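Following: one structure in structure tokens, then a few remarks.
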Amino acid sequence: MQGGARRLWTGATLVTLAGDRDWGLVPDGALVVEGETLRWVGPAAALPEAFRQGVVEERDLGGALVTPGLIDCHTHLVYGGERSAEFELRLQGATYEEIARAGGGIRSTVAATRLAGEHALHVLAVQRARALMAEGLTTLEVKSGYGLSLAAEAKCLRVARKLGELGLTVRTTYLGAHALPPEFDGREGGQDDYVDAVCAWLPELKRQGLVDAVDAFCERIAFTPAQTRRVFEAARALGLPVKLHAEQLSDQGGAALAAEFGALSCDHLEYLSDAGVAAMARAGTVAVLLPGAFYFLRETKLPPIAALREAGVPIALATDHNPGSSPGLSLLLMLNMACTFFRMTPEEALRGLTVNAARALGLPDRGRLAAGQRADFCIWDAAHPRELAYWFGRNPLRQTVAGGRPRA
């Protein structure tokens, strides 16, 4: 597409999500795109003549539904191997924590990822990203955390960055504090020594341009709040925003700690306390719920949806794609799961994959259909946006436009 070329899209039912609530539906709507930006959004009948001038192409969508492009704000997309054997063990009664403490879990993926070459990891990650793109993905977050050494973490982050060549916006998150690698296990002070290493690697990874944010896993089987604080302090010293895997298996007070550092998001949150909710609300931290992990681990304790709503905490959704606890690659299934498991409304769920997911990544330029926003949008064969959460096993996507460029 030529830079700045003006294109007009008409004949659409627009799902703008422009306000803080409701769909923001615009029947018979029009979009004016210049380069990578939406310049005008509204009813076709109200389109100013000035925006018709200079149009190089006009497309009539014949009544199709148009939503903002979908955003997956929490994934672990770069890794080697798979963990179907652990899936079977859990079905036989083993818990996630028992498997992890026996040397399985994250560590088994670390071993496979360290053995894999960069090209092999890239081939696998591309396949996974394309599966998400087939359902309207335009912006993707990818965490490291399966390397757990400077060289291996850098390798994974380079692979994640390269996914941008697919026509996606990719945000990379350093998750060195994901698990304790074997070379630090079984020695006195090994966990604290590893946290020191995680903090020491961060400046070099930032220097290489590989880090947009910093995350940690604050949990009984991972890192303590005190250790997490050290990671966050290292991030803050470098001007990097933080995120946190918090309150997934127990209440460690991680959400309040993350909010203290102005975290972009806290993710999982099944065991989030009232104090954690209040802290997130004060800090403007987004709650990222992960229904795929809730489903796959057969959890029974729901995140405190009502308390988050009442406190005005923005709720985002994500696939949490990873080989151990959420191997799904369907954004549309996440919409359905959020409604069926978490009792979110279809509108809340769609906001969770657009407006609030963008906020969880610190990207205010996308997630809505409004003038000045990035021209990321999806065209669907559907009459109403609630259908996107209603169907599962059916993909009504007709086309995706990312940065003003229609995908083939």
Side-chain angles (χ1 to χ4, degrees), residues 74-76 78-79 100 105-107 109-111 113-114 141-161 170-249 252-268 279 283 285 288 322 360-362:
H74 181 133
T75 82
H76 305 254
V78 179
Y79 60 87
I106 293 168
R107 277 201 197 168
T109 299
V110 170
T113 303
R114 286 179 171 184
E141 187 257 16
V142 182
K143 303 179 191 295
S144 66
Y146 290 131
L148 308 188
S149 70
L150 176 57
E153 288 287 290
K155 174 177 69 173
C156 293
L157 290 166
R158 284 194 300 270
V159 170
R161 276 278 191 252
V170 177
R171 304 295 283 182
T172 55
T173 299
Y174 173 51
L175 182 57
H178 196 197
L180 189 66
E183 58 269 27
F184 284 83
D185 196 13
R187 71 190 208 197
E188 186 176 354
Q191 187 146 326
D192 281 322
D193 289 346
Y194 179 64
V195 171
D196 287 342
V198 167
C199 296
W201 299 336
L202 182 52
E204 175 59 20
L205 294 171
K206 185 191 178 190
R207 187 192 67 78
Q208 294 181 32
L210 296 176
V211 181
D212 295 316
V214 175
D215 199 345
F217 188 15
C218 184
E219 191 52 78
R220 292 177 304 200
I221 60 172
F223 297 94
T224 67
Q227 290 163 341
T228 300
R229 176 181 292 277
R230 285 161 54 196
V231 174
F232 283 179
E233 286 171 345
R236 182 162 62 184
L238 293 171
L240 290 167
V242 300
K243 307 166 72 68
L244 188 65
H245 285 61
E247 275 70 278
Q248 179 185 9
L249 306 172
Q252 297 293 303
L257 171 63
E260 180 186 331
F261 283 80
L264 290 172
S265 73
C266 290
D267 305 27
H268 286 291
T285 297
V288 178
N322 74 82
L361 295 179

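Everything numeric here is computed off the predicted structure, so don't read it as measured data.
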Are E141 and S265 close enough that some pair of their side-chain heavy atoms sits under 4.5 Å apart?
no

Identify the heavy atoms of G145 and H178 that sit nearest to each other, and give their distance.
O-ND1, 3.0 Å

Where do G254 and A246 come nearest, in terms of heavy atoms and distance?
C-CB, 4.3 Å

Return each pair, listed once, that meets salt bridge (charged side-chain N to carboxylate O under 4.0 Å, His left out) where at least one residue sits in residues 219-231; pairs must be two or more places apart or across chains.
E97-R220, D192-R230, D196-R230, R229-E260

Hey, are the side chains of L202 and L240 touching, using non-hydrogen atoms and a 4.5 Å cut-off?
yes

I'd like to know if the side chain of Q191 and the backbone of A222 have a donor-acceptor N/O pair within less than 3.5 Å.
yes

Take Y174 and V198 through the test side chain to side chain contact (heavy atoms under 4.5 Å, CB included) and record every step on the way to the result.
CA-CA 9 Å; Y174 173 51; V198 167; 3.5 Å; yes

Closest heavy-atom pair and its distance - P241, L264:
CB-CD1, 3.8 Å

May I ask you to test the L180-R107 pair for a side-chain heavy-atom distance under 4.5 Å?
yes

When every non-hydrogen atom of A255 is compared with those of C266, the smallest separation belongs to CA-SG, 3.8 Å

Angle class for the Y79/Y146 ring planes (parallel below 30°, perpendicular above 60°, tilted otherwise)?
perpendicular

For G262 and T285 the tightest heavy-atom approach is C-OG1, 4.4 Å

Could you report the tightest heavy-atom contact between A216 and L244, atom names first, then the distance?
O-CD1, 3.2 Å

Rounded distance [0.5 Å steps], CD in E188 versus CG in D193:
9.5 Å

Pairwise distance CG(L148) to OG1(T113) - rounded to 0.5 angstrom
9.0 Å

Can you confirm whether Q208 sits close enough to R161 that some side-chain heavy atom of one is under 4.5 Å from a side-chain heavy atom of the other?
no

Working for side chain to side chain contact (heavy atoms under 4.5 Å, CB included), residues L175 and H76:
CA-CA 10 Å; L175 182 57; H76 305 254; 3.5 Å; yes

If you define the side chain from C-beta out and look only at heavy atoms, does anything of Q227 sit under 4.5 Å from Y194?
no

Ignoring hydrogens and geometry, is there a side-chain-to-backbone donor-acceptor pair from D215 to H245 under 3.5 Å?
yes

What's the spacing between K143 NZ and K243 NZ if we round to 0.5 Å?
5.0 Å

To the nearest 0.5 Å, tell me how far F217 CZ sits from Q252 CD.
10.0 Å

With a 4.5 Å heavy-atom cut-off, do L205 and L150 have their side chains touching?
yes

Validation row: V242, R236 side chains within 4.5 angstrom (heavy atoms):
no

With sequence neighbours left out, the residues meeting side-chain hydrogen bond (donor to acceptor under 3.5 Å, both in side chains) with E153 are S144

Treating H268 as the side-chain partner and Q248 as the backbone partner, does any N or O pair qualify as donor plus acceptor under 3.5 Å?
no

Measuring only between side-chain heavy atoms, which start at C-beta, is V231 closer than 4.5 Å to C199?
yes

